[in-house]
Structure formats: structure tokens, C-alpha cells
Amino acid sequence: MAPPAVVILDDRLLIEELLVGLPRRRRRAELHTTTYWYYRACRAAVVGAGGHLSGPFTGLTADDQQRAVLSLLELRGDIGLPDPRSTVPVMADLARRHPHLNLLNLEAAAAARTLDATVWLSEQSASGVLPSVLDAHGLRWTAVEIT
């Protein structure tokens with residue numbers, strides 16, 4: 001049996017996975033996210049503003065919303081976070097090559113390279129700058145539609 005695909009979830013897909021689950025696309029996937037995406041997901045759950053990140057929380061009952069927030073603040077053990085000892089040097093190299101990239105994009109690209117992972121991007125993220133950077137470095141990504 002082939003090893004599971006290694007996948008990095010962006011913040012919106014992380015929220016979706018924790019609230020309702022994402023389809024595993026016909027094969028097992030080893031899930032990861034980045035520290036920055038994890039922080040943004042937690043902040044959206046706790047603070048909320050009705051945007052594309054916090055929107056899924058606004059329609060929940062108070063009890064369900066509290067459970068959802070707690071599920072984010074205690075990240076499941078089967079969702080990995082890349083080790084900064086591995087990603088930070090790669091981030092520094094990427095920043096030298098792409099000085100316009102922000103921390104979020106640097107960390108995502110570095111995590112993809114370090115973990116040899118495919119980055120799953122929500123539709124909003126797929127329309128940003130990150131896909132072109134991933135493409136430039138031969139790193140895999142795919143847009144995942146949330147239904």
C-alpha cells in the first residue's frame with residue numbers, strides 16, 4: 001500500500017476539517033497546517049468578524065460554537081505542525097528570492113518544501129500570490145472547493 005499523501009491545509013480548510021471534515025480525495029492523507037494558518041483559524045473562531053474564516057462559526061448555536069472554538073484551540077493530534085527548526089531556514093531563503101512575500105506565504109511554501117507536501121488551498125487562497133510562488137519552486141498545490 002502506498003504511503004499517505006502529505007497535505008498542508010490553509011486556514012479556511014483547517015476550519016472546515018475541524019468543523020465537518022474534508023473529503024480525503026480517494027486516498028488517505030496525512031494532514032498538516034502551518035503555525036500562521038493555525039493562528040488565523042483560532043483567531044477567527046475566538047474573535048470572529050463574519051469574514052471567510054469566521055463565517056462558518058456565525059451560523060452555529062452558542063453551544064456548537066463553543067465546541068467548535070475548543071476544537072480549534074486544542075488542535076487534534078493527527079494534524080501536524082511543521083518544526084520551525086526545519087522551516088525557518090527555508091523561509092529565510094525564500095524571503096531572499098521573493099522579498100514581497102509575507103510571513104504567511106513564506107511559511108506555507110517552506111512547509112510544502114520541507115514536508116514534500118501538497119498545499120490544499122481554499123478558493124480565496126488559490127486566487128492570491130501563493131500559487132505562483134509554489135509553481136515557481138515546483139511545489140504541488142491544489143484548490144479545494146468547500147461545499
Considering non-hydrogen atoms only, spot the tightest contact between [X] and [Y] and give its length.
{"X": "Trp141", "Y": "Leu134", "answer": "CB-CD1, 3.6 Å"}
{"X": "Val7", "Y": "Ala117", "answer": "N-CB, 4.3 Å"}
{"X": "Ala126", "Y": "Ala143", "answer": "CB-CB, 3.8 Å"}
{"X": "Ala112", "Y": "Val119", "answer": "CB-CG2, 3.6 Å"}
{"X": "Ala108", "Y": "Ile8", "answer": "O-CD1, 4.5 Å"}
{"X": "Ile79", "Y": "Leu18", "answer": "CD1-CD2, 3.8 Å"}

Once you round to the nearest 0.5 Å, how far does [atom1] of [X] lie from [atom2] of [Y]?
{"X": "Leu121", "Y": "Ser127", "atom1": "CG", "atom2": "OG", "answer": "9.5 Å"}
{"X": "Thr114", "Y": "Leu139", "atom1": "OG1", "atom2": "CG", "answer": "9.5 Å"}
{"X": "Leu13", "Y": "Trp37", "atom1": "CG", "atom2": "CH2", "answer": "8.5 Å"}

Task: Glu16 side chain to Ile146 backbone, donor-acceptor under 3.5 Å - done: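 It does not hold such a pair.
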
Task: Test item: Glu17 side-chain N/O and Leu22 main-chain N/O as donor-acceptor pair under 3.5 Å - done: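 Yes; at least one donor-acceptor contact below 3.5 Å.
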
Beyond-backbone contact of [X] with [Y], side-chain heavy atoms, under 4.5 angstrom:
{"X": "Leu81", "Y": "Thr33", "result": "yes"}
{"X": "Leu14", "Y": "Tyr38", "result": "yes"}
{"X": "Pro84", "Y": "Thr35", "result": "no"}

- [ ] Scan residues 80-95 for pairs that pass side-chain hydrogen bond (donor to acceptor under 3.5 Å, both in side chains), counting only residues two or more places apart or in two chains.
- [x]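 Listed by first then second residue: Asp93-Arg96, Asp93-Arg97.
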
Open item on the list: Under 4.0 Å between a side-chain nitrogen and a carboxylate oxygen: does that hold for Asp10 and Arg12?
Closed with: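 So Asp10 does not pair with Arg12 through a salt bridge.
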
Open item on the list: Under the rule for side-chain hydrogen bond (donor to acceptor under 3.5 Å, both in side chains), what residues qualify as partners of Glu30, not counting sequence neighbours?
Closed with: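 Glu30 satisfies side-chain hydrogen bond (donor to acceptor under 3.5 Å, both in side chains) with His32 once adjacent residues are dropped.
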
